[in-house]
Every structure is written in structure tokens, then in C-alpha cells.
Number of protein chains: 2
Amino acid sequence: MTMEGSTAPRRTRIQQEKRELILEAALEVFSVNGFRGSTIDQIAEAAGMSKPNLLYYFRRKEDIHETLMERLLETWLAPLRELDDIGDPMTELRSYIRRKLEMARDFPRESRLFANEIIQGAPRIMPLLEGELKTLVDEKAAVIRGWMRSGKIAKTDPYHLIFSIWATTQHYADFDVQVRAVLGSDRGGEGRFEDAARFLENLFIQGLLPKRD
Amino acid sequence: MTMEGSTAPRRTRIQQEKRELILEAALEVFSVNGFRGSTIDQIAEAAGMSKPNLLYYFRRKEDIHETLMERLLETWLAPLRELDDIGDPMTELRSYIRRKLEMARDFPRESRLFANEIIQGAPRIMPLLEGELKTLVDEKAAVIRGWMRSGKIAKTDPYHLIFSIWATTQHYADFDVQVRAVLGSDRGGEGRFEDAARFLENLFIQGLLPKRD
DNA sequence: GCAAATTTTGACCGATTGGACAAACGTTAG
DNA sequence: CTAACGTTTGTCCAATCGGTCAAAATTTGC
């Protein structure tokens, strides 16, 4: 029998390694095909093990996805959590945009996994959206609104500001193939993230400059 | 034997009606579950007919998806096609953003169908992206660049400008459940598109105001 | 080194999948 | 009315699906 700790089950070295291997493979598969479109066999093959062996570590397909989503949400919200009330508003927002774009560049599969879940109506993480996510956004929207009131940045809707930052940055992960196809081979290389960073910084900074009145 | 026209097969009245019915149902199903995640049975049930009956009108699952994607791309690119060299730059861009947002509001399933295809790596429409889409964007980017050169709008990267318009507007269709969850029941009603329109207009107009130098 | 525990495998299961097919049913033009 | 054509259905199929199970292979604690 497997021993159980107070919160998480105790695992052997092999269990930890193999579970990581499976999650890595599952991320690859789920992020492309979505939950329904992915099969255990695909994941098992990507992880280099047999299906029954995979099912020894995760008893159901849903368990893999659930574990993946739990981890994802923390990583995904980290940049917004860092948005600091104390710092300079413009600097804070600029580095938030930068961090978000870096995540799109460095963790595109995570971004696509999240996008897949949302597009499908968020059947598995709806409570988290209405709970943890909404709370965090409400909190940060209040911070931004404070900046607006004190005249540090232009007055707009802080919620839609956050949405537009999410949308523009995640676009470079979720719609990567389209971006590359349109930019072509010459401009579609790694430099595209530099160009995007420059453009977005400019767009949002101009859009948020306080108006002298 | 079914008669064939020179380009498209000739169809009876019933065939036309039933095919439309199937495509409507398929849009509903595919846009949520993606191609792999959707089944013919789901589509047949949504269309109110038996599976063999559905397969009488479309011989393979892929044929339905293909027909859907062909139609989609035209509708989807229409707003960008309308972007007119002759009009006033600011007005043109503003109404492009508005049209795009209206499409996100009125055709969210089409938007999600497209998003699903792109996220999955565009296995079925890659040639269209590299061909028709790239050509159109290149053309319009040149128009925008012309506006920039003549000082009508601020100088930035026209490609990333187009990307950011796509991203921000489509976000309200593809990530609708997230937007509604975050905005809550009070602000998440139909008015959210009005708020979004105001915000985006403001963001892009400010970001594109020509700098006096 | 050996027994106990853990890990891996192959064989298998019922359910679902995309699709084929012939027979039955409707419709319509002459 | 009826023959020809268009439509619908029930039945069936092989492949794949998520998942089980017992036995074999391996690792681990002592």
C-alpha cells in the first residue's frame, strides 16, 4: 500500500519522475488536441511507456488533465500577482506586459492548454475562474483604478485593459502558426517576439499616458 | 446519378436545406470540441437526424469541416478587405476595429472554430494562411505603412498592429466565458461589448495618434 | 541475499468511433 | 398509377477508445 502524507500522497523516486514524464507528454498532447481530442495512447507514446503503465501512475485520463490544470493556473497568474501597488504605475504595467509576453514565448504549450480549456467553455475550471481568478483581477483592477484616480495613468476601464494585455500577449503563443505564416520566413524568426514587445510597449504606453487637463 | 454542374454539384432543394442544417449543427459542435474532439453522432443529433442520414449528405466527417472552413475564411477576412486606402486613416482603422468586434459578438462560434484550427497548428488550412491570408495582410500592411509615411498615423509595425487588433477583438469571442466570469454578473451582461468597444477605440486611437515633431 | 513492495507488461473488456450497405420509404414526373 | 429517383433507416463492421487485471519483472529495505 502506498503511504499517504497529511495532504499529498507520499511518492517514491520513480513515481515522481514518471509522473513528471507523463505530465510533460500530456502537456504536449492536450495543448494541441484538447481534452476530448487527445487519447491516453498518444500520451503514453509521447511519454515512452505503455498505456497500462501510464495508468498505473494516473488512474484516469481526467486525473492527468486535472493535475496539469492545477499547476498551470498558478504559473499563469503569477505575473499578474506581481503587479505591485507600490511601484511606479507605468513601470509596473510595462513589466507586466513584458512578463506576459515572455510567458507566451517560453511556455506556449501552457498557453494553448489554457486556451483550449477556455474555448471549450471551461468545463473543468469554471469554479477557479469565478473564484480565484476573479478575486485576483478585482484586486488588481482596484490598484489600477487607484493609479488612474491619482492621475498617474489615463482613465480607462481597468478590466478591459487587463483583457487586452492578456489577449495581445497570448496571441503570440496560441496563434503562433498564423503569426509565423503571415510574417513569412524572413520576419517570422525568433525576432518576432522582440518586434512584438516593442510594438505592445508602445501601444499601451501611448494609450495610457495621462492627459494633461 | 446526381447531376454535376461545371464547378459545384447540382443539388435538390432538400439537399440544400439539409446540408445547411448539418453545417449549422457542425459549427455548434466543432467550435466547442475541435475536429478530433467532435463525433459524427454529436453533429447528427444536433442536426436532428440519424448518422447514416447525415453521411448521405457529407460522406466523411472531414468534408463537413472542410466546407465549414472554406466558408469561414471569407467571412473572417471580409472586415480587413474593406480597409480602404482612400478613406481617412483614423476612421478606417476605427471602423475596422468596430467591425471586428461586432463579428466577435455576432459570430462567436465561427471565431472559436477558427481559433481551434489555429491552436491545433492549422493542419487543414495552412496553405490558406501562407497564401491568401498572407497576401491580404501584406497588402493592407503596405496601405497602413503608407499612412504612417505620410504622417497620418504614428509609426509602428503594421503587422503587429493588425495582430493586436485581431487578438483583442477575438478575445471577446474565444475567451467569452473567462471574460464573463471575471466581470461578474453585474458587468458581464450584453453591455460588455459596448465597454470593450469604448476601451479598444481609446487604446488604439491614443496609440496611433501622430506625434508632432 | 532475500522477501516484500513496487513497477511493467500483455492480454483482454465493453463502449464508442467513423463509415459501409442494402433494404425500405418518399417524392415526383410522365 | 407507376417507374425512376431521391431520401431515410437499421444493421453491421473494423478500428480505436478508456480502462482492468493478473502475472511477470524489477527495485527496495533489511
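The shown structure was predicted, so the numbers you read here are calculated from the model rather than taken from an experiment. Every chain is numbered from 1 and lettered A, B, ... according to where its sequence line falls, protein lines coming before strand lines. Note that these values count all heavy atoms, side chains included, but never hydrogens, waters or copies made by symmetry.
- At the heavy-atom level, A:Ile40 lies under 4.0 Å from the strands shown only through sugar-phosphate atoms.
- One interatomic measurement links the two molecules: CG of B:Asp41 to C1' of D:dG10, which rounds to 14 Å at whole-angstrom precision.
- OP1 or OP2 of C:dT9 has at least one side-chain nitrogen or oxygen of A:Ser50 nearer than 4.0 Å.
- Side-chain N/O atoms of B:Asn53 include one lying less than 4.0 angstrom from OP1 or OP2 on D:dT9.
- Residues A:Lys51 and A:Leu54 both approach DNA chain C. Their nearest nucleotides, taken by heavy-atom distance, put A:Leu54 toward the 5′ side.
- A:Tyr56 has a side-chain polar atom (N or O) that falls below the 4.0 Å cut-off from OP1 or OP2 of C:dT7.
- Backbone-only engagement by B:Lys18 is indicated by non-hydrogen atom pairs under 4.0 Å involving sugar-phosphate atoms exclusively.
- Between the CD atom of A:Glu17 and the C1' atom of C:dT7 there is a distance of 13 Å, given to the nearest Å.
- Between the P atom of C:dG10 and the CE atom of A:Met49 lies a distance of 14 Å, rounded to the nearest Å.
- Atom CZ in A:Phe58 sits roughly 13 Å away from atom P in C:dT8 (whole-Å rounding).
- An OP1 or OP2 oxygen of C:dT7 is reached within less than 4.0 angstrom by a side-chain nitrogen or oxygen of A:Gln15.
- Look at NZ on B:Lys61: it is 17 Å from C1' on C:dA20, rounded to the nearest Å.
- Taking atom CZ of B:Arg19 as the reference point, atom C1' of D:dT7 lies 15 Å away to the nearest angstrom.
- When rounded to the nearest whole Å, the span between CZ of B:Phe35 and C1' of C:dT17 equals 12 Å.
- For A:Pro52, taking side-chain heavy atoms from C-beta onward, the closest of the listed nucleotides C:dG10, C:dC21, C:dT17 is C:dG10.
- Put simply, A:Arg36 has a side-chain N or O that comes within less than 4.0 Å of OP1 or OP2 on C:dT17.
- Applying the side-chain contact (heavy atoms from CB on, under 4.5 Å) test to A:Ala26 and every residue at least two apart in sequence or in another chain returns A:Phe30, A:Ile43, A:Ile64, A:Leu68.
- With a 6.0 Å cutoff to the six-membered ring centre and a 45° limit on the axis angle, B:Arg19 counts as a cation-pi contact of B:Phe58.
- Listed for the B:Arg180 side chain is no donor-acceptor partner under 3.5 Å among the backbone atoms of B:Asp176.
- In summary, the side chains of B:Asn202 and A:Thr156 do not present any donor paired with an acceptor at a separation below 3.5 Å, with no hydrogens or angles considered.
- Regarding B:Arg59, its CZ atom lies at a distance of 17 Å from the C1' atom of D:dT8, rounded to whole Å.
- Between the side chain of A:Glu117 and the backbone N or O of A:Phe114 there is no donor-acceptor pair closer than 3.5 Å.
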